Amino acid sequence: MQKILDLISEEMKKAFAEAGYDAELGRVTLSNRPDLCEYQCNGAMAGAKKYHKAPLMIAQEVAEKLQENAVLSEVCAVAPGFLNMKVKESFVRDYLREMSGAEKFGFQAPESKKMIIDYGGPNVAKPLHVGHLRSGIIGESIKRICRYAGHEVIGDIHLGDWGLQMGLIITELQKRQPDLIYFDGSYEGEYPKDAPFTISELEEIYPTASAKSKEDEAYKADAMEATYKLQSGVRGYRALWDHIIAVSVADLKKNYANLNVEFDLWKGESDVHDIIPGMVEAMKKGGYAYESDGALVVDVKEETDTKEVPPCMILKSDGASLYNTTDLATIMDRMENFHPDKLIYLTDKRQDLYFEQVFRCAKKTKLVNEDTELVHIGFGTMNGKDGKPFKTREGGVMRLENLIREINEEMIRKIRENAETKGYEIDMEQAGETAKIVGLAAIKYGDLSNQASKDYIFDMDRFTSFEGDTGPYILYTIVRIKSILAKYEEQGGDLTDMVIDEAVNGSEKSLMLELAKYNAMMETACEEIAPHKICAYIYDLANAFNHFYHETKILTEENGQKKAGWIALLALTKEVLETCIDLLGFSAPERM
RNA sequence: GUUCCCUUAGUUAAAUGGAUAUAACAGGAGCCUCCUAAGCCCCAGUUGUGGGUUCGAUUCCCGCAGGGAACGCCA
């Protein structure tokens with residue numbers, strides 16, 4: 001389905017051509033001055049130089065050609081050469097009717113690609129903290145947006161499960177429980193099914209071990225040896241590692257489920273351990289990798305660089321692999337097993353240069369094809385009110401589950417308060433569920449409505465205040481519509497038998513024009529992988545609806561056809577809003 | 001030190017090179033016998049600085065100031 005701007009532009013282009021000017025000048029845009037018009041065209045000003053004519057004269061000539069027209073109800077030329085226009089009510093009506101019946105409201109999907117999203121995953125055995133929030137929230141939304149656009153998308157959490165941290169945990173475990181069967185080298189039997197620790201113990205063990213290793217050289221040496229033993233496949237260590245992963249992953253799944261974030265793959269750095277030697281060999285043989293200060297590196301600088309791009313390090317001087325190594329090996333693995341057209345990496349934006357190096361290295365060493373797209377989406381930091389990285393009141397790192405719990409508690413309080421002032425009974429269980437839904441929307445909308453690349457302030461008070469441009473405001477709008485639709489059915493109305501009518505007032509037309517923007521907005525949001533554009537759109541749409549709602553008494557309308565037309569408009573608004581919030585990764589409750 | 005990014009109302013954020021820069025919050029004034037007042041409505045208040053390109057610049061280019069970040073054996 002064509003975008004409404006294109007349809008209007010077609011008319012304008014015809015008029016430009018009829019008046020003897022270049023048709024391309026007739027590109028129509030949304031009005032910057034809603035008080036003057038709905039759409040505008042600046043082509044006359046752009047063409048003034050070319051035709052040596054005053055822009056206003058060109059605009060007037062073009063406007064004359066548009067006086068009899070099926071699309072535009074009003075076209076006028078104003079100084080210095082703007083063409084201002086309004087569209088016919090019947091044209092908008094027809095457009096929305098088509099949109100209602102079309103798949104994805106007429107949004108045309110681009111050419112389908114296969115892509116993998118790498119969430120730059122959390123490390124196992126460490127609790128999720130607010131730093132992990134953005135990657136999960138943004139990643140989930142991007143995944144949904146790309147799928148909506150018709151792409152085949154695989155999301156891989158890409159756990160940090162193979163480094164020194166694992167050795168540290170094992171070492172600390174050995175100090176605490178030296179008699180564990182896993183440390184008995186001569187043991188050849190089956191290992192127990194259950195882990196000798198819980199997730200809370202694990203979360204305490206890692207920081208303890210990490211702190212000890214920084215002070216105690218011998219301890220650190222033990223940890224490095226344990227890492228080596230693990231990576232070289234010592235049975236007991238591998239069995240212990242399996243336990244650590246299992247306990248940790250179960251906890252991660254629970255936490256991500258609370259955020260409504262899902263991964264298709266739970267791979268990690270450990271998965272490519274075996275293919276690293278082959279990759280390194282190939283890089284050497286290909287003449288790409290060479291030794292520098294004892295380390296193995298690949299040059300990735302290019303002549304056009306204005307900045308210095310250091311070589312990409314493949315192996316450390318002690319021969320051990322590092323972050324680069326596993327990322328490159330993972331690229332190789334993904335190319336072989338999934339044949340993606342595009343790889344998207346989601347991490348903190350501080351890793352920009354790092355990914356530039358890795359991507360160049362992957363291209364240069366032909367791990368990927370010439371046309372494989374490698375994209376790094378670097379997101380900004382989530383800061384506290386003081387503008388510094390978000391901390392708890394005590395100054396520590398805020399655990400994700402605590403953050404979610406705090407929001408939920410505040411939400412329940414709000415729901416109770418609301419019920420009390422309006423004087424109705426609430427089911428506490430249901431209130432809890434609603435609180436979760438609304439709280440998640442508050443967190444996600446608060447994050448996604450900002451451009452991903454920018455830092456943003458996470459202000460608990462503002463996010464839970466629910467006023468203005470927030471997730472709860474969007475949900476509230478949807479709930480209002482649901483409530484009206486339900487009452488309409490109670491009155492005996494049929495939701496399957498209704499069709500949108502011409503707008504009868506300004507706020508209704510505004511709502512309709514807002515709806516008509518949908519496919520253009522979605523196209524931009526998909527191309528730019530920009531969830532914040534969807535947020536901005538639904539905020540405008542919710543505003544347009546609330547304005548209309550305020551002016552129009554829908555259910556008490558006596559003209560049945562008129563009422564059904566409004567109900568149809570509401571139904572479309574609701575569907576569009578729900579589709580959008582689904583792409584953002586949250587949903588609306590039945591009531592709030 | 002080098003390079004990259006950022007700077008918009010008191011605060012937090014918007015604006016393919018277009019008219020009077022857009023919202024929200026905070027501040028001030030209104031609207032519930034009426035489909036959820038988590039709403040609607042009115043008022044007041046902004047592009048760091050100096051140049052350039054352009055008919056027109058928050059947007060593009062150059063300088064300056066202020067802030068952030070990255071710069072081979074961390075991830």
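Note that the structure is a prediction, hence the values are computed from the model and not measured. The sequence lines fix the lettering, A, B, ..., with proteins before strands; numbering per chain opens at 1. Computed from heavy atoms alone, side chains included, the values below leave out hydrogens, waters and symmetry copies.
Near-neighbour residues of RNA chain B inside residues 315-324 of chain A, defined by a heavy atom below 4.0 Å, number-ordered: A:K316, A:S317, A:L322, A:Y323.
Rounded to whole Å, the C1' atom of B:G56 lies 15 Å from the corresponding atom of B:A21. B:C5 and B:C25 have their P atoms separated by 34 Å, with the value rounded to a whole Å. For the P atoms, the distance from B:C6 to B:G48 is 13 Å, rounded to whole Å. Only the P atoms considered, B:G27 is 37 Å distant from B:G17, to the nearest whole Å. Of the C1' atoms belonging to B:A9 and B:U58, the separation is 14 Å, rounded to the nearest Å. Using P as the reference atom, B:C4 and B:C60 are 15 Å apart when rounded to the nearest Å. A distance of about 27 Å separates the C1' atoms of B:A14 and B:G50, rounded to the whole Å. Between B:G10 and B:A26, the two C1' atoms lie 8 Å apart (nearest whole Å).
Between the side chains of A:Y219 and A:K214, no donor-acceptor pair of N or O atoms lies under 3.5 Å. Side-chain contact of A:E523 with A:Y518: a donor-acceptor pair under 3.5 Å is absent, judged by distance alone. Residues A:N383 and A:Y456 bring no donor and acceptor atom of their side chains to less than 3.5 Å of each other.
A:Y345 pairs with exactly one of A:Y119, A:F379, A:Y354, A:F359 by the ring pair (Phe, Tyr, Trp, His ring centres under 6.0 Å) rule, that one being A:F359. With A:E38 as reference, A:K509 is the one residue of A:K86, A:R33, A:K509 to meet the salt bridge (Lys or Arg N to Asp or Glu O under 4.0 Å) rule.
Using a 4.0 Å heavy-atom criterion, one finds that A:T556 contacts no nucleic acid atom at all. Here A:Q165 lies out of heavy-atom contact (under 4.0 Å) with every strand. Counting non-hydrogen atoms under 4.0 angstrom, A:Q357 reaches nothing in the nucleic acid. Counting any heavy atom pair closer than 4.0 Å across all strands shown, A:Y488 reaches no nucleic acid atom. Among the heavy atoms of the strands, none lies under 4.0 Å from A:T524. Within the nucleic acid shown, A:K49 comes within 4.0 Å of sugar-phosphate atoms alone, with no base atom in reach, counting heavy atoms only. If you check every strand for non-hydrogen atoms under 4.0 Å, A:T29 touches a base. Contacts of A:V309 with the nucleic acid, taken as non-hydrogen atoms under 4.0 Å apart, are absent. Within the nucleic acid shown, A:N42 comes within 4.0 Å of at least one base atom, counting heavy atoms only. If you check every strand for non-hydrogen atoms under 4.0 Å, A:K487 touches sugar and phosphate atoms only.
At a cut-off of 3.5 angstrom, counting only N and O atoms as typed in the model, there is a donor on one side and an acceptor on the other between the side-chain of A:N84 and the base of B:A19. Residue A:E467 places no side-chain atom within donor-acceptor reach of the base of B:A24, judged by atom type and a 3.5 Å distance cut-off alone.
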**Item:** Derivation of the salt bridge (Lys or Arg N to Asp or Glu O under 4.0 Å) call for A:E557 and A:K553
**Value:** CA-CA 6 Å; A:E557 173 59 43; A:K553 291 283 163 278; over 6 Å; no
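Of all non-hydrogen atoms in A:S507 and A:E551, the two that sit nearest each other are OG-OE1, 2.9 Å. Heavy-atom minimum distance, A:C361 versus A:M283: SG-CE, 4.4 Å.
Comparing B:A69, B:C34, B:A19 against the side chain of A:F82 picks out B:A19 as the nearest. The listed nucleotides are B:C40, B:G72, B:A75; the one nearest the side chain of A:Y354 is B:A75. Distances were taken from every side-chain heavy atom of A:Q40 (C-beta onward) to each of B:A38, B:A37, B:G18; the shortest belongs to B:G18. Nearest to the side-chain atoms of A:R27 among the listed nucleotides B:U16, B:C40, B:C35 stands B:U16. Checking B:A38, B:G72, B:C35 against the side-chain heavy atoms of A:I554 singles out B:C35 as nearest.
Residues A:E24 and A:F16 form no side-chain contact, since every pair of their non-hydrogen atoms from C-beta on lies 4.5 Å or further apart. Taking the side chain as every heavy atom from C-beta outward, A:I117 and A:D156 never approach each other to under 4.5 Å. Side-chain contact between A:L133 and A:M382 is present, with heavy atoms from C-beta onward closer than 4.5 Å.
Rounded to whole Å, atom P of B:C55 lies 19 Å from atom NZ of A:K53. Look at CG on A:L328: it is 16 Å from P on B:C73, rounded to the nearest Å. If you measure from atom CD of A:E528 to atom C1' of B:A15, you get 13 Å, rounded to the nearest angstrom. In this structure, A:N32 places its CG atom 12 Å from P of B:G17, rounding to the nearest Å. Taking atom CZ of residue A:F545 and atom P of nucleotide B:C40, one finds them 11 Å apart after rounding to whole Å. As a whole-Å value, the separation of A:D348 CG from B:C4 P is 20 Å. We find that CD of A:E356 is positioned 16 Å from P of B:G72, with the value rounded to whole Å. Residue A:I474 contributes atom CD1, which lies 16 Å from atom P of B:A23 at whole-angstrom precision.
If you find the closest nucleotide of RNA chain B to A:R33 and to A:T434, the one lying nearer the 5' end belongs to A:R33. For the pair A:I415 and A:A295, both in contact range of RNA chain B, the more 5′-proximal nearest nucleotide belongs to A:I415.
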**Prompt:** In dot-bracket notation, what is the pairing pattern of RNA chain B, taking Watson-Crick (N1-N3 plus N6-O4 or O6-N4) and G-U wobble (N1-O2 and O6-N3) contacts under 3.5 Å, with [ ] crossing and | for other strands?
**Reply:** (((((((..((((....[...)))).((.((.......)).))....(((((..]....))))))))))))....
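An OP1 or OP2 oxygen of B:A38 is reached within less than 4.0 angstrom by a side-chain nitrogen or oxygen of A:N418. Look at A:N543 and you'll find a side-chain N or O under 4.0 angstrom from OP1 or OP2 of B:C40. OP1 or OP2 of B:C40 lies within a sub-4.0 Å distance of a side-chain N or O belonging to A:Y473. Residue A:R480 places none of its side-chain N or O atoms closer than 4.0 Å to OP1 or OP2 of B:A38. Distances shown here put every side-chain N or O of A:H550 at or beyond 4.0 Å from the OP1 or OP2 atom of B:C34.
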Extract from the structure each pairing of a protein N or O with an N or O of nucleotides 9-13 of chain B at less than 3.5 Å, listing the distance.
unit_1, atom_1, unit_2, atom_2, d
B:U12, O2', A:R462, NH2, 3.0

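With a glycosidic angle no further than 90° from 0, B:C32 counts as syn.
Ionic pairing of A:K364 and A:D299 is not present here: no N-O contact between side-chain nitrogen and carboxylate oxygen is shorter than 4.0 angstrom.
The CD atom of A:E489 sits 9.5 Å away from atom CD1 of A:I567, with the distance rounded to the nearest 0.5 Å. With rounding to the nearest 0.5 angstrom, the CZ atom of A:F82 is 4.0 Å from the CE atom of A:M45.
Ring-centre distance between A:F466 and A:Y473: not below the 6.0 Å cut-off.
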